[in-house]
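If you're wondering where the values come from, they're calculated on a predicted model, not measured in any experiment. Reminder, nothing fancy here: chain letters follow the sequence lines and each chain counts from 1.
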Number of protein chains: 2
Amino acid sequence: MAPHAHPTDPSDMPLGPRQRALLAVLRAANAELSGQELHERLRQSSQRHGLATVYRNLRLLQRSGLVRCRKLPNGESVYAPLERDDHHLTCVSCGHSEPLPICPVASGGLALTKVLLQGFKPLFHTFEIHGLCRSCQQSEPLAHG
Amino acid sequence: MAPHAHPTDPSDMPLGPRQRALLAVLRAANAELSGQELHERLRQSSQRHGLATVYRNLRLLQRSGLVRCRKLPNGESVYAPLERDDHHLTCVSCGHSEPLPICPVASGGLALTKVLLQGFKPLFHTFEIHGLCRSCQQSEPLAHG
DNA sequence: CGTATGCTGAGAATGGTTCTCGTTTTAGCA
DNA sequence: TGCTAAAACGAGAACCATTCTCAGCATACG
């Protein structure tokens, strides 16, 4: 893992100040943040970033292996630092999503051989259980849209 | 699991003909289908469904525990029958997604206790490894948008 | 029949994300 | 310190899958 080992390795790309700012906000937050939330927090902290820039740099950080991303049922993407290894329980009815303190990779039962990956370079993984939350089980399940 | 055991259990709801048609197309397909693709296939098979109906019934089937759903990086949702337990390798750069023949739940290393679920009723799970596909590792990683 | 209830679908609305493109900043150089 | 090329920026427009609206239609039931 020497610096500049491969010229095409994005993880060697030095970060610009906006990217560092973005990453700092994500690391300071105690939960995943959406692009819009990130934009808002940066505005408040006197670091003005355009929305386009926020999304651009979020993509770069993701490809560089510094940020992870997941899509909520409502279509929003939420971001977190790569080193945070959290997974989720998500309701297919109301869309509510809450942390699930378990990780199928960390618990070691998973053999990710090179054969399976076939040249693919893994950066992070998502594990999510979808189902019905307690309150959606109780309420009329399929009524009134 | 007697019929109508619980009036609030969506899995007891009988399917309408449109929902059965939808499920049949999904089961006949050998891959996940998007709402738009489903709509197109139904049009061709003389089963005309409006787009709104396709999405409505897809939501119902999902809540009933018959259909699973996952979001691609481009924002599309793709659907498959619940009984198909496939997972994926997805590139954070180009968005390409391919099957990953491994399942962290089926391989048994995961203890999903009632304590963890806290009243949540699981229907299905998604497991996805995100990273860089072979061709995105080779190409200029961060250049030209 | 007559009414209540739910399902349907064409088209409009929604909203997060991406694109466009002129402007600003940075980098490289003499 | 000026000058130029390349890269980054951001306001606003565009995109597009999905959801919403609402009038019309089907079904159930007395």
Review point. Taking for each residue the nucleotide of DNA chain C with the nearest heavy atom, is it Pro73(B) or Val54(B) whose nucleotide lies nearer the 5' end?
Key: Val54(B)
Atom pairs, N/O to N/O, protein against nucleotides 5-7 of chain C, distance under 3.5 Å?
none

Check your understanding: Given atom CG of Leu38(B) and atom P of dG9(C), what is their separation to the nearest angstrom?
Key -> 14 Å
Exercise for review: Can you sort out the partners of Arg27(A) under side-chain hydrogen bond (donor to acceptor under 3.5 Å, both in side chains), two or more places apart, ordered by chain and number?
Suggested key: Glu83(A)
Exercise for review: Provide, to the nearest angstrom, the distance between the CZ atom belonging to Arg20(A) and the P atom belonging to dA8(D).
Suggested key: 14 Å
Point to revise | Hydrophobic cluster (4.5 angstrom, side-chain heavy atoms) - remaining members for Leu72(B) | key: Val78(B)
**Study point:** Side-chain N or O of Ser77(B) closer than 4.0 Å to phosphate OP1/OP2 of dT18(D)
**Key:** yes
Review point. Between Tyr55(A) (OH) and dC15(D) (C1'), how many Å, whole number?
Key: 14 Å
Check your understanding: Can you name the side-chain hydrogen bond (donor to acceptor under 3.5 Å, both in side chains) partners of Thr126(A), sequence neighbours left out?
Key -> His130(B)
Check your understanding: Is there a side-chain contact between Ile102(B) and Phe127(B), using heavy atoms and a 4.5 Å cut-off?
Key -> yes
Check your understanding: What is the distance, rounded to the nearest whole Å, between atom NE2 of His39(A) and atom C1' of dA11(D)?
Key -> 10 Å
Practice item. Using the test side-chain hydrogen bond (donor to acceptor under 3.5 Å, both in side chains), find all partners of Arg18(A) that sit at least two apart in sequence or belong to another chain. Key: none
Revision key, fill the gap. Applied to residues 122-134 of chain A, the salt bridge (Lys or Arg N to Asp or Glu O under 4.0 Å) test, sequence neighbours excluded, yields Arg70(A)-Glu128(A)
Point to revise | Those residues that, when tested against Gln62(A), pass side chain to side chain contact (heavy atoms under 4.5 Å, CB included) (two or more places apart) | key: Cys69(A), Tyr79(A), Phe124(A), Val92(B)
Exercise for review: Mind calculating the distance between CG (Asn74(A)) and P (dA17(D)) to the nearest angstrom?
Suggested key: 17 Å
Check your understanding: Rounded to the Å, how far apart are Glu40(A) CD and dG15(C) C1'?
Key -> 17 Å
Revision key, fill the gap. side-chain hydrogen bond (donor to acceptor under 3.5 Å, both in side chains) filter on Gln36(B), not counting sequence neighbours, yields Tyr55(B)
Practice item. Rounded off to whole Å, could you give me the CZ-to-P distance for the Arg59(A) and dC9(D) pair? Key: 12 Å
Practice item. Using atom types as modelled and distance alone, determine if a side-chain donor or acceptor of His39(A) lies under 3.5 Å from a backbone N or O of His49(A). Key: yes
Check your understanding: Rounded to whole angstrom units, what separation is found between the CD atom of Gln36(B) and the P atom of dC16(D)?
Key -> 11 Å
Point to revise | Proximity to DNA chain C (any heavy atom under 4.0 Å), residues of residues 42-52 of chain B only | key: Arg48(B), His49(B), Gly50(B), Ala52(B)
